[in-house]
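Chain identifiers are assigned alphabetically (A, B, ...) following the order of the sequence lines, protein sequences preceding nucleic acid strands; residue numbering begins at 1 within each chain.
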There are 2 protein chains.
Amino acid sequence: MKVKKPTMLDIANQVGVTKATVSMVLNKKDELISPETRDKILKVADELGYIPNSFARSLITKKSGTIGIIIPDITNPFFAEIARAIEDEANRLQYNVIFCNTDNQVPKEESAIRLLIGKLVDGVIFIAGGTSETSLALLNQHAVSFVLVDRYIPGCEDYPGVYCMSDDGVMDGVRHLYEKGRRKIAYVRGPRELRVFEYRVNAYKEMMTTLGIYDERYVYEVLPSLEAGIAVTEQIARDVPDVDGIIYCNDMTAMGGLKALTRLGYHVPRDISIIGYDNIKISQFIEPELTTVAQPIAEMGEAACNLLINIINEVPLKEQKIFLYAELVVRGTS
Amino acid sequence: MKVKKPTMLDIANQVGVTKATVSMVLNKKDELISPETRDKILKVADELGYIPNSFARSLITKKSGTIGIIIPDITNPFFAEIARAIEDEANRLQYNVIFCNTDNQVPKEESAIRLLIGKLVDGVIFIAGGTSETSLALLNQHAVSFVLVDRYIPGCEDYPGVYCMSDDGVMDGVRHLYEKGRRKIAYVRGPRELRVFEYRVNAYKEMMTTLGIYDERYVYEVLPSLEAGIAVTEQIARDVPDVDGIIYCNDMTAMGGLKALTRLGYHVPRDISIIGYDNIKISQFIEPELTTVAQPIAEMGEAACNLLINIINEVPLKEQKIFLYAELVVRGTS
DNA sequence: CTGAAAGCGCTAACAC
DNA sequence: GTGTTAGCGCTTTCAG
């Protein structure tokens with residue numbers, strides 16, 4: 001365990017040059033270094049198993065080649081998928097990533113941001129847990145570039161970000177059920193603090209109203225999760241026994257709903273249709289497969305990463321807000 | 001964007017002391033600092049929004065307070081859950097984590113390790129993709145502490161690690177199906193390169209033989225995934241139409257199997273019983289819920305993290321290998 | 001083509 | 001109680 005790691009100085013001594021020369025060679029700024037010394041340096045570096053100390057480099061360059069990702073919970077499939085997409089794109093562009101889970105708690109967000117700033121991340125991709133103005137203030141104060149993804153922060157709609165427009169997708173979902181003959185279509189919405197859920201339920205209301213079948217008693221609110229999906233669906237079945245369609249604010253909740261309905265003896269989609277939102281991978285793992293309003297999850301992650309890195313590199317951008325669109329995917333539950 | 005971050009020197013100047021004093025105060029080594037200067041320093045640090053530059057500190061202390069986690073794929077629920085457990089425990093112990101996905105490819109493992117070494121991680125938790133001796137050699141060469149989790153590496157059985165013993169759990173599963181009257185029990189195994197899969201299928205063979213119902217034609221091999229689970233299950237239904245039980249090497253594959261069987265018109269568990277392995281969260285998301293041989297995923301992550309940090313701190317340990325046990329959890333599919 | 005020298009922000013002896 | 005000093009490993013002018 002007491003093996004000292006080789007440094008540039010070790011290489012320099014062994015080759016008989018100075019570390020400045022070694023530095024230039026190893027950083028490919030070797031136009032004016034003689035091929036012989038260059039090859040010798042490369043050779044010795046390889047023999048010694050030299051790995052540059054990125055801290056020393058970052059200290060001086062003020063860049064870490066790392067971006068931070070702040071996410072509510074990596075075990076939530078939606079976030080895992082987006083995180084993976086970001087990481088892949090970051091790696092492609094020669095960046096590394098550090099993840100921080102916040103469980104939607106603002107204090108955890110702030111400590112994550114402190115951590116990331118201390119590690120000199122070049123930028124941060126931020127999926128907010130709610131009203132996170134103070135977290136953003138921290139980032140601004142320390143002049144760290146950032147990009148918002150998926151979730152709006154009230155009052156911060158003008159920050160750079162990647163958002164998914166849900167209206168058309170949700171409306172298509174409602175219309176799709178209507179065309180299947182469904183009339184009593186309930187909606188399970190997420191918490192009011194999160195703007196995204198507001199948009200989704202509003203689209204539902206609008207289309208239901210247009211179709212002349214809106215009834216406010218059909219709208220239920222939950223903290224989205226599988227368990228909540230089960231509970232609320234049992235509730236709906238009690239309140240509106242002849243309900244024939246349920247649209248959920250996300251896939252996890254919808255999967256819980258499917259479970260509850262099956263247990264209650266409903267046959268999906270014969271007796272009732274259900275629709276989720278997100279299109280996480282596991283929505284296809286079940287049978288019947290979940291009809292859902294699909295977010296382009298991978299594209300969102302990729303776009304966020306690209307946007308951030310462009311901002312970091314001060315590439316002039318016409319628009320720092322990117323809008324993608326959710327789309328209805330009809331599968332087995334409708 | 002051009003706001004210079006405050007450093008210790010800024011604080012020192014403003015208070016009228018030197019940065020050494022500031023350093024001691026901020027690191028809580030302030031027994032011999034007068035309360036007045038201490039408070040003044042703390043106050044100014046707060047006003048300036050000072051965040052220590054962890055690189056500068058790490059450069060000198062040779063520690064980063066960070067551990068690396070090398071994992072095949074974070075979108076795989078099993079790994080996401082273990083990663084999250086590791087992260088939580090690490091945070092509790094004041095460590096941060098950096099994740100690297102390898103997609104089970106050895107070259108990606110090696111570049112991940114180089115990255116982590118360059119970032120001076122204090123240790124690495126390693127879920128190997130296969131025969132990763134060279135990756136381990138790199139870690140050894142650079143004197144980086146590491147801990148293996150879940151997967152054995154052939155020839156490296158004696159490295160510190162956290163492993164889950166599957167034998168009893170799998171045998172209990174076979175016996176359980178036998179007691180339900182099942183006799184034609186197939187097994188879907190994972191790839192031979194991964195030792196864990198070898199152990200699981202061997203336990204199956206042993207119990208099947210003991211019960212006098214082993215037939216080698218019932219054993220199928222796949223690269224575990226939902227899709228593979230579907231495909232292999234269709235194959236089994238063709239080969240052995242009167243199969244009445246299938247045990248899978250993991251939950252994802254079993255979920256694919258359940259899907260395939262349902263589509264083929266089998267009723268699970270009336271016509272056929274199935275059992276998975278892992279007990280990932282989503283195994284309870286489906287209906288019927290999956291009977292499975294549960295690994296204590298969270299405990300594995302937690303134990304790995306603790307073990308690693310003990311090794312890093314050179315805490316003398318009686319045993320650097322931790323064995324946990326998988327256990328049959330009977331739910332709806334058996 | 002290569003060397004010398006300065007310095008990034010911080011810690012840790014050792015003075016005073 | 002606090003300052004001085006050196007140096008971690010690296011990059012980057014500027015000389016030569």
Legend entry - Distance in angstrom units between A:Leu9 CG and C:dG3 P, rounded: 12 Å
Inset, instruction - Measure from the side-chain N and O atoms of B:Asp103 to the backbone N and O of B:Gln105, and report whether any donor-acceptor pair falls under 3.5 Å. - result: no
Inset, instruction - Round to the nearest Å and state the distance from A:Asn53 atom CG to D:dG9 atom C1'. - result: 6 Å
Inset, instruction - Tell me whether the OP1 or OP2 atom of D:dT2 has a side-chain N or O from B:Thr37 closer than 4.0 Å. - result: yes
Inset, instruction - State whether the side chain of B:Ser135 and the backbone N or O of B:Glu109 hold a donor-acceptor pair below 3.5 Å, judged by distance alone. - result: no
Inset, instruction - Round to a whole Å and report the spacing from CD1 of B:Ile41 to P of D:dG1. - result: 14 Å
Inset, instruction - May I have the distance from A:Ile60 (atom CD1) to D:dC8 (atom C1'), rounded to whole angstrom? - result: 12 Å
Legend entry - D:dC10 OP1/OP2 closer than 4.0 Å to side-chain N/O of A:Thr61: no
Inset, instruction - Mind calculating the distance between CZ (B:Phe55) and P (D:dT11) to the nearest angstrom? - result: 14 Å
Inset, instruction - Measure from CD on B:Glu36 to C1' on D:dT2 and round the result to the nearest Å. - result: 13 Å
Inset, instruction - To the nearest Å, give me how far apart CZ (B:Arg38) and P (D:dT2) are. - result: 11 Å
Inset, instruction - Spell out, as yes or no, whether a donor-acceptor pair under 3.5 Å connects the side chain of A:Thr75 to the backbone of B:Ala80. - result: no
Inset, instruction - Check every atom of D:dT2, C:dG9, D:dC8 against the side chain of B:Lys62 and return the nucleotide holding the closest atom. - result: D:dC8
Inset, instruction - Using atom types as modelled and distance alone, determine if a side-chain donor or acceptor of A:Asn306 lies under 3.5 Å from a backbone N or O of A:Glu302. - result: yes
Inset, instruction - Output yes when a side-chain donor or acceptor of A:Asp122 lies under 3.5 Å from a complementary backbone atom of A:Gly65, and no otherwise. - result: yes
Inset, instruction - Measure the distance from CG on B:Leu59 to P on C:dA12 and round it to the nearest whole Å. - result: 13 Å
Legend entry - Side-chain donor or acceptor of B:His142 paired with backbone N/O of B:Gly118 under 3.5 Å: no
Inset, instruction - Side chain of A:Ser34 only, please: which of C:dC1, D:dT2, D:dT11 is the nearest? - result: C:dC1
Inset, instruction - Quick one: label B:Ser58 by what it contacts on the DNA or RNA (base, sugar-phosphate, nothing), any heavy atom closer than 4.0 Å. - result: nothing
Inset, instruction - Check whether any side-chain N or O of A:Tyr50 sits under 4.0 Å from OP1 or OP2 of D:dG9, and answer yes or no. - result: no
Legend entry - Side-chain donor/acceptor of A:Asp10 to backbone N/O of A:Thr7, under 3.5 Å: yes
Legend entry - Proximity to DNA chain C (any heavy atom under 4.0 Å), residues of residues 14-28 of chain A only: A:Gly16, A:Val17, A:Thr18, A:Ala20, A:Thr21
